[in-house]
Novice: 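First, the structure itself, so that you have it in front of you.
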Amino acid sequence: MNRPALELPGDDVGAVIENPFDGVLCWLIAPGAAAAWDMNALPSIQVWGATAYIEVPSVDSRRGPGVRWRVPPRDRHLTDPAPLFAALKITASAALGPRQGAIQ
């Protein structure tokens with residue numbers, strides 16, 4: 001499910017942290033930007049708030065063991081939340097099927 005979610009937002013994707021041990025990807029978005037998201041459409045996706053602890057890799061950490069940048073920081077660090085939500089909905093639906101009760 002990760003690859004399409006990384007590609008669909010296109011130029012609107014900012015830095016993305018990858019933890020290869022548990023397969024978690026962390027997109028960086030502005031605090032509160034996901035408050036209106038319909039989480040029924042995003043099974044197995046979690047939105048962490050401002051008090052969450054996220055391990056941030058060093059700037060040059062892109063390979064090897066441990067937490068690393070899947071999409072390294074560059075001009076834009078934050079991902080635009082609207083295209084990210086759309087990409088996550090598409091990839092979740094493709095991987096798991098449509099969600100009952102989700103806003104289409």
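Position 1 is the first residue of the sequence; numbering continues from there.
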Novice: For S61 and P57, indicate whether the former's side chain and the latter's backbone hold a donor-acceptor pair under 3.5 Å.
Specialist: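 Absent.
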
Novice: Are V59 and I17 grouped together when hydrophobic residues (ILVMFWY) are joined by side-chain heavy atoms under 4.5 angstrom apart?
Specialist: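 No; tracing contacts between hydrophobic side chains, which count when under 4.5 Å, never links both residues.
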
Novice: Would you give the length of the straight line joining atom CZ of R70 to atom CZ of R62, rounded to the nearest 0.5 angstrom?
Specialist: 13.5 Å

Novice: For atom CG of D22, is the number of surrounding heavy atoms from other residues, nucleotides or ligands below 6.0 Å larger than 12?
Specialist: yes

Novice: Please give me the minimum heavy-atom distance between P81 and A33, naming the atom from each residue.
Specialist: CG-CB, 3.7 Å

Novice: Pick from V56, I54, N19: which one makes a side-chain contact (heavy atoms from CB on, under 4.5 Å) with C26?
Specialist: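 Exactly one pass, corresponding to I54.
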
Novice: Do L84 and W37 come within less than 4.5 Å of each other through their side chains, counting heavy atoms only?
Specialist: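 Of all side-chain heavy-atom pairs linking W37 with L84, at least one is under 4.5 Å.
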
Novice: Does W69 use its side chain to pair, donor to acceptor, with the backbone of S58 at less than 3.5 Å?
Specialist: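 Flag set: sc W69 to bb S58 pair under 3.5 Å.
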
Novice: Under 3.5 Å, is there a donor-acceptor pair between the side chain of R76 and the main chain of L78?
Specialist: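 Answer holds: yes.
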
Novice: If you take all heavy atoms of L28 and H77, which pair is closest and at what distance?
Specialist: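 Closest approach of L28 to H77: CB-O, 3.8 Å.
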
Novice: Apply side chain to side chain contact (heavy atoms under 4.5 Å, CB included) to residues W27 and L88 and explain how you reach the verdict.
Specialist: CA-CA 11 Å; W27 283 263; L88 291 172; 4.2 Å; yes

Novice: Return the minimal non-hydrogen interatomic distance between P20 and R68, and the atom names on each side.
Specialist: CB-NH2, 3.3 Å

Novice: Measuring from atom CZ of F85 to atom CD1 of I29, what distance do you get when rounded to the nearest 0.5 angstrom?
Specialist: 11.0 Å

Novice: Check whether any side-chain heavy atom of V67 lies under 4.5 Å from a side-chain heavy atom of E18, and answer yes or no.
Specialist: no

Novice: Answer yes or no: is there a donor N or O on one side and an acceptor on the other, between the side chain of T79 and the main chain of G14, under 3.5 Å?
Specialist: yes

